[in-house]
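A quick write-up on the structure given underneath.
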Amino acid sequence: MGFAERYETTLAEVERVAREAGRDPGDVRVIAVSKTVDVDAVREAACAGAHDFGENRPDCIMEKSAALPQESWHFIGNIQSRRIPDIVRCAGLVHSLCHESHVHKMDAAAAALGKVQDVLLEVNVSGEASKDGLAPADVPAMAQVCAGCANLRLRGLMTMAPQGDMEAARAAFEGLAKLHGQVRSQLDPQAAASFNELSMGMSEDWREAVKAGATMVRIGRALFSDDFK
Ligand SMILES: *Cc1c(COP(=O)(O)O)cnc(C)c1O
């Protein structure tokens, strides 16, 4: 099976799961996480109809977005302060903002480039010590900080669920969806209107995420790897 077949199968499955959950399948976007593959594989994926790609390293998003500038590029990795200008230059959406100093640096980098950067706040819903992300209790204040930045547009929230425990994953996704609603109710109407994205779910757990309200699922291995089951 090649990318095209896996992509088609996955889209059909996303549509089915969304409908079963009473959701409009058009409200769920599949981000193809291309971090493990080269530019040629991304080009093949684009030919198969995928146009949103996720990368977790600045060097990789720079290389691939330069080769394929017409695609939408998502930065989903750890943010290092000194790489913020590089990330802002390439990314349509940054999923992984979670430090206040980075919020201000990203706002300044976007201003310098004359752009408004779409961002999500990454939340550590499950509270695992190994994970990056804001504690849920800190999200409302950080959302207000973002709302005060002229060159950032806060689009929603992102999380990574605990691996290998579907019950825990479900709880994390439902927790993020609930938090999203709470935060949105505290934003002014204009900010609330564009605060409508929930980036959650990966190869193993995206079905649970779609059921819980994901608007973006970030799928890597199930699309790009031959041996993902
Ligand atoms: C790698 C990665 C994914 C995709 O993971 P798969 O299990 O390969 O689908 C999604 N989100 C983030 C933040 C990642 O780093």
Side-chain angles (χ1 to χ4, degrees), residues 1-3 5-14 17 28-38 41-42 44-45 48 50-65 71-80 83 87 90-99 102 106 118-134 155-166 168-170 172-173 175-177 197-229:
M1 227 199 260
F3 178 91
E5 205 173 344
R6 286 189 293 263
Y7 185 60
E8 224 169 276
T9 307
T10 302
L11 289 186
E13 178 81 351
V14 166
V17 174
V28 186
R29 188 146 38 130
V30 173
I31 315 289
V33 177
S34 50
K35 66 189 183 190
T36 60
V37 302
D38 63 12
V42 178
E44 181 195 334
H51 298 295
D52 285 281
F53 295 99
E55 291 287 334
N56 66 345
R57 292 177 179 280
D59 290 338
C60 296
I61 198 172
M62 285 169 75
E63 183 205 348
K64 292 174 190 169
S65 66
E71 309 304 335
S72 295
W73 293 94
H74 298 252
F75 190 78
I76 62 173
N78 269 353
I79 295 171
Q80 287 175 290
R83 302 307 301 271
I87 294 167
C90 306
L93 179 63
V94 175
H95 291 231
S96 44
L97 203 51
C98 59
H99 295 292
H102 293 171
M106 196 163 285
D118 280 348
V119 300
L120 307 178
L121 291 175
E122 180 172 354
V123 187
N124 183 357
V125 183
S126 55
E128 288 169 286
S130 61
K131 281 219 162 82
D132 228 356
L134 290 156
R155 301 300 313 278
L157 304 177
M158 178 273 223
T159 200
M160 305 212 359
Q163 297 293 286
D165 178 346
M166 213 45 83
R170 189 174 306 141
F173 297 146
L176 193 73
E197 302 286 358
L198 271 178
S199 168
M200 54 190 196
M202 319 198 326
S203 290
E204 280 165 9
D205 54 20
W206 66 260
R207 291 169 186 78
E208 295 308 320
V210 168
K211 289 179 205 165
T215 63
M216 296 180 177
V217 290
R218 308 178 309 269
I219 305 183
R221 287 168 299 152
L223 290 176
F224 286 104
S225 165
D226 244 337
D227 42 40
F228 180 80
K229 292 280 172 288

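Keep in mind the model is a prediction, meaning the values are calculated, not measured. Scope of the values below: all heavy atoms of this structure, side chains included, with no hydrogens, waters or symmetry mates. One-based numbering along the sequence shown. Indexing begins at 1, ligand by ligand and atom by atom, following the structure's order.
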Heavy-atom closest pair (Arg218 atom, Met158 atom, distance to 0.1 Å) is NH1-CG, 3.4 Å
Distance in Å, Ile31 CD1 paired with Ser72 OG, rounded so as to fall on 0.5 Å steps: 8.0 Å
Check each atom of ligand 1 against the heavy atoms of Arg218 and keep those under 4.0 Å away; list them by number with element. 4 (C), 9 (O), 10 (C), 11 (N), 12 (C), 13 (C)
Strictly distance-based, threshold 3.5 Å: is any side-chain N or O of Ser126 a donor or acceptor partner for the main-chain N or O of Ala161? no
Could you see which bit of Glu204 sits under 4.0 Å from ligand 1, with heavy atoms only: side chain, backbone, both or neither? neither
Please write down residue, atom name and distance for the protein heavy atom closest to atom 10 (C) of ligand 1. Met202 SD, 3.2 Å
So which heavy atom in the protein is nearest atom 12 (C) of ligand 1, and how far is it from that ligand atom? Ile76 CD1, 3.5 Å
In terms of relative ring orientation, are His102 and His99 parallel, tilted or perpendicular, with 30° and 60° separating the classes? perpendicular
Any idea which protein heavy atom is nearest atom 14 (C) of ligand 1, and the distance to it? Lys35 NZ, 3.0 Å
Charged N to carboxylate O under 4.0 angstrom, Glu71 versus Lys64? no
Contact check: Ala222 vs ligand 1, nitrogen or oxygen atoms, below 3.5 angstrom: no
Could you verify whether a donor N or O on one side chain and an acceptor N or O on the other, from Ser96 and Glu122, lie under 3.5 Å apart? no
Is the closest N or O pair between Arg221 and ligand 1 shorter than 3.5 Å? yes
Here the atoms of ligand 1 under 4.0 Å from any heavy atom belonging to Met160 are 12 (C), 13 (C)
Closest non-hydrogen contact found for Ala50 with Tyr7 is CA-OH, 3.5 Å
Short list, please: which atoms of ligand 1 are under 4.0 Å from a heavy atom of Ser203? 6 (P), 7 (O), 8 (O), 9 (O)
Where ligand 1 meets Ile219 - atom numbers and elements under 4.0 angstrom, heavy-atom basis: 9 (O)
